[in-house]
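Values reported hereafter were calculated over all heavy atoms of this structure, with side chains retained and with hydrogens, waters and symmetry mates removed. Values in this document were obtained by computation on a predicted structure and should not be read as measured data.
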Amino acid sequence: MCQEIVQFDQWIWLPSDLLNEIGKHLQSPKDYVRFSATCKSWNMSLPKTPNHIRGPLLVLPFNHETYDIKEEKDFYLRLPKMQNNILFHGSCFGWLISISIDGVVQMFNPFTNISYDLPPLSTIPTIVDYHPELTDEEYTIMRFAFDGSTYTTLESKSSIQKTWLVKIVISSSPSEDMMALAIYGEYNRLAWCKFGDTKWTDFFTPEMFKIVLEDAIFYEGKVYGLNCNAKLYEFDVTTSIGCITQVPMPDDPYIDVNIKYLVRNVEGDLLMVSRFLNHHEVPGIDHPEVCNNTVKFEVYKLHKIAKKWRRIFSLGDYVLVVGLNSSICMMPFSDGKGNWVRNCIYFSDDDVSSQSTEIVGGHDVGIFNLENGEVHKLFPNLELLYPPPIWLFSQNIIS
């Protein structure tokens, strides 16, 4: 017994380089903190914030010289060979969702170069026909009039690539159980597919075409969506039917004009993130274009029993990431300078309508600090970045 105790005590004399090597294999901040707290000797030998536990990467799918981006940051991931060929309208679990000019939709892993096909643009429910040989009139689109009647228009493949698939959300990395959601069309409806499907399936809702979703999420075995008026929808993939829940919108006069996101936090609660923008006009081709800039965020938590959104003023140790990516909550991570990043919101520019002009948009990227209310803009002197950047993450996601 005494011999066993002596051998256990000898763990405290492990060389610091060996301790650091072990620590590098701990990807969870909680596991790392517990590891360093094992004893005083280990705590003194290990860095307080390990550099290997890092946050999201900002994917720049263009040549940085085009926009004179001179500042190099260690969280930039450059994909210059893809400039102008594809757009990224989705990201999660280390995978980017790309849309090509020819309507091919793929999941792409930039670290392994592995890709998987999702159903193409031509199978979106409101796309009636696709004729690639017809220049600038490749797609026949079904549109809705205000009285509920329908009519068709001809649209170019460039226009449809830029605007028709607003955002794609995935439930997991590629597998037989994976599902994908697509917010699409002029009224931001919702479609879904399973891994390996060849077409998108529409969700039916009582509002028919006027749903105007701003975000969607896989949550507690179901699908939820949030529309422009902060109405919360619940969708059933077994019936492809969606309905409005009995959750009223928050008591906020600006909630219907702000951009909104749905996020699951570490406790399993559903959060609504409200993004405030200011606007100014810049010269356009035929008319002025509106340039948007984020000024702050507000966060609400859904109380399930009361069926009510209540505002919260802190995220604690956690970080939210919103934009063209799947809206997610992350564990704290290192900023590379010996500090934990916590209680903030990383955001990217997801206004695909403005971006489609290639005059403004894509530039509204930064970090909002909930503690002091400050916004740190990554590209404060720019009004256009195209194709737009997107956040990519694979570690420390709370799902």
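Residues W164 and I124 are in side-chain contact: their nearest non-hydrogen atoms beyond the backbone lie under 4.5 Å apart. By the 4.5 Å heavy-atom criterion applied to side chains, W391 and V59 are not counted as neighbours. Considering only heavy atoms from C-beta on, S149 stays 4.5 Å or farther from R143 through its side chain. Using a 4.5 Å heavy-atom threshold, the side chains of E137 and S156 count as separate. You'll find the side chain of L382 stays beyond 4.5 Å of the side chain of L384, heavy atoms only.
Here the straight-line distance linking atom NZ of K157 with atom OG of S122 works out to 13.0 Å at 0.5 Å rounding. Note that CG of D349 and OG1 of T294 are 7.5 Å apart. Values are rounded to the nearest 0.5 Å. Within the model, atoms OG of S91 and CG of L392 stand 4.5 Å from one another, a figure rounded to the nearest 0.5 Å. Here the CG-NE2 distance, from L165 to H89, works out to 8.5 Å after rounding to the nearest 0.5 Å.
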Stepwise, does the ring pair (Phe, Tyr, Trp, His ring centres under 6.0 Å) test hold for F297 with F347?
CA-CA 10 Å; F297 285 85; F347 61 91; 5.4 Å; yes
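Checking F368, F333, F393 one by one against Y346, the ring pair (Phe, Tyr, Trp, His ring centres under 6.0 Å) holds for a single residue, F333. Just one residue in the list V321, V319, L320 forms a side-chain contact (heavy atoms from CB on, under 4.5 Å) with C329, and that residue is L320.
In the hydrophobic clustering of ILVMFWY residues, with side-chain heavy atoms under 4.5 Å counting as a link, L58 and V341 come out together. Residues L302 and I255 share a single hydrophobic cluster, defined by chaining ILVMFWY side chains whose heavy atoms lie under 4.5 Å apart. Under a hydrophobic clustering in which Ile, Leu, Val, Met, Phe, Trp and Tyr are joined whenever their side-chain heavy atoms come within less than 4.5 Å, directly or via other members, I259 and Y224 fall into different clusters. In terms of hydrophobic clustering, with Ile, Leu, Val, Met, Phe, Trp and Tyr side chains grouped at heavy-atom distances under 4.5 Å, F108 and F111 are assigned to a common cluster.
By the 30° and 60° cut-offs, the orientation of the rings of W192 relative to F203 is tilted.
Distance alone, capped at 3.5 Å, is enough to place a donor-acceptor pair between the T112 side chain and the I114 backbone. Remark: the backbone N or O of T238 is paired with a side-chain donor or acceptor of D236 at under 3.5 angstrom.
Between the side chains of E371 and N369, not a single donor N or O lies within less than 3.5 Å of an accepting N or O. In the model, H280 has no side-chain atom that pairs as donor or acceptor with a side-chain atom of N278 under 3.5 Å. When only modelled atom types and interatomic distance are considered, S353 and D351 share no side-chain donor-acceptor pair under 3.5 Å. Counting only N and O atoms by type, the side chains of N227 and E214 include no donor and acceptor under 3.5 Å apart. Side-chain contact check for D269 and Y219: no donor-acceptor pair (N or O, by modelled atom type) lies under 3.5 Å.
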